[in-house]
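Bear in mind that the values here come from a model prediction, so they are computed numbers and not experimental data. One-based numbering, in listed order, for ligands and for the atoms of each. Atoms considered below: every heavy atom in the structure, side chains included; atoms not considered: hydrogens, waters and symmetry mates.
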Amino acid sequence: MRDFSQDHRWLSINTATVRKQQGAEVPLARIIDQCAERGIRAISPWRDQVAAAGLDATARQLRAHGMELSGYCRGGFFPAADAAGLRAALDDNRRAIDEAKTLNAACLVLVVGALPGALDGAPHYTDLARARSEVVDGIAASLEYARQVGMPLAIEPLHPMQAADRACINTLEHALDICDALDPQRTGALGVALDVYHVWWDPKLQQQIARAGQERLLAYHVCDWRLPTRDLLSDRGMMGDGVIELKRIRQWVEAAGFAGYAEVEIFSALDWWQRSGDETLDTCIARHRSVV
Ligand code: ZN
């Protein structure tokens with residue numbers, strides 16, 4: 001396993017970690033500068049942040065800093081109430097793939113979606129099997145275009161607590177079954193984003209990471225599971241402040257061949273978003289070295 005204790009060359013920052021500091025939205029350009037000042041070599045930004053900052057301006061700034069994207073957040077949300085909605089989702093994913101390409105991202109992360117409308121509290125239907133089949137169709141259609149332009153798609157299985165509103169693919173095994181169905185040759189065009197917050201509890205985790213192998217492991221996201229977890233979406237812990245055995249999971253991931261960034265992704269309305277971005281980033285670096 002790689003030694004992270006001496007430097008943080010394999011640290012990436014998901015920009016959601018430091019975007020809402022102390023009640024104010026931090027512009028993406030500022031976050032990139034804060035990361036560059038600390039020798040952080042990679043980030044994973046969100047589409048709305050890039051849209052606000054400008055796609056080309058962001059690409060230029062990243063190039064100027066020699067900074068990479070460990071992933072781009074995010075595509076997905078394929079299920080819809082009707083045919084027009086399904087088409088609109090495919091169009092939107094195509095745009096996301098183009099943006100990811102312009103930014104030279106390692107992959108486009110897919111939060112695949114679930115019951116359409118559920119995020120707003122009013123699902124158009126409650127047939128989870130239908131949502132799952134629309135997800136498979138959506139990934140298959142997007143994959144065709146993603147292959148043409150050379151942008152890998154990374155399915156992120158989400159914790160089952162988010163099966164209704166954000167993602168109806170909830171285990172690594174389920175995500176890999178879809179990868180095997182749509183990309184049986186294991187070309188690297190389709191894989192998974194493995195986020196410890198979503199999968200740490202899974203009794204099949206080690207086995208499925210080994211099954212995934214290097215071709216399917218496209219991104220690795222770290223944070224921690226706090227006790228108690230006060231909010232299911234936005235109370236993620238800083239690495240080392242919870243119960244996830246991060247080094248054990250990284251050992252499995254690296255044994256399977258993953259050699260990319262450990263991307264810190266912490267949604268923390270109750271703690272880290274209340275501190276300065278500088279303090280949060282400095283803590284990410286220290287914890288990356290000591291516990292990731
Ligand atoms: Zn994630």
Side-chain angles (χ1 to χ4, degrees), residues 10-20 31 35 40 42-50 68-77 93 96 100 103 105-114 119 135 139 152-163 165-176 178-179 190-202 205 208-209 212 216-226 229 231-239 241-242 244 246 249-250 252-253 258 260-269 272-273 280 284 287-288 292:
W10 293 111
L11 166 67
S12 172
I13 298 291
N14 185 296
T15 55
T17 306
V18 284
R19 71 176 288 180
K20 296 183 179 174
I31 295 173
C35 288
I40 293 169
I43 61 168
S44 181
W46 289 65
R47 290 185 74 196
D48 66 312
Q49 294 176 296
V50 170
E68 299 190 299
L69 259 61
S70 55
Y72 187 47
C73 291
R74 63 194 184 192
F77 284 91
N93 275 277
L103 297 171
C107 59
L108 175 67
V109 173
L110 300 180
V111 171
V112 295
L119 257 188
V135 163
I139 295 173
L153 300 180
I155 302 170
E156 182 163 359
L158 296 202
H159 193 287
M161 66 189 171
Q162 294 180 332
D165 54 6
R166 283 190 168 75
C168 57
I169 297 176
N170 306 104
T171 62
L172 179 54
E173 182 174 33
H174 188 184
L176 291 173
I178 293 170
C179 291
L190 182 62
V192 296
L194 193 73
D195 186 326
V196 297
Y197 191 72
H198 294 299
V199 301
W200 70 277
W201 55 273
D202 185 346
L205 185 57
Q208 293 298 316
I209 286 173
R216 297 272 198 244
L217 291 169
L218 302 183
Y220 181 54
H221 300 173
V222 297
C223 64
D224 216 331
W225 185 276
R226 280 181 39 92
T229 292
D231 181 283
L232 296 180
L233 180 67
S234 60
D235 193 28
R236 293 180 177 217
M238 176 63 66
M239 300 81 73
D241 288 349
I244 301 179
L246 288 164
I249 298 177
R250 184 160 70 87
W252 296 341
V253 166
F258 180 76
Y261 290 98
E263 175 185 319
V264 176
E265 186 182 37
I266 301 175
F267 312 138
S268 175
W272 296 97
W273 288 348
T280 302
C284 289
R287 299 296 178 85
H288 175 85
V292 173

(Q) Within this structure, what is the CE-CG distance for the pair M161 and N170, rounded to the nearest 0.5 Å? (A) 10.5 Å
**Q.** All ring pair (Phe, Tyr, Trp, His ring centres under 6.0 Å) counterparts of F258, not counting sequence neighbours
**A.** none
Q. Protein N, O or S atoms less than 2.8 Å from the Zn ion (ligand 1), ignoring waters?
A. E156 OE2, D195 OD2, H221 ND1, E265 OE1
Q) What residues form a salt bridge (charged side-chain N to carboxylate O under 4.0 Å, His left out) with D231, not counting sequence neighbours? A) none
Q | Sequence-distant partners of H198, ring pair (Phe, Tyr, Trp, His ring centres under 6.0 Å), two or more places apart | A | none
Q) Picking from D224, D241, L246, V264, what satisfies side-chain contact (heavy atoms from CB on, under 4.5 Å) with R287? A) D241
Q. Aromatic rings W200 and W225: how do their planes relate, parallel, tilted or perpendicular, breaks at 30° and 60°?
A. tilted
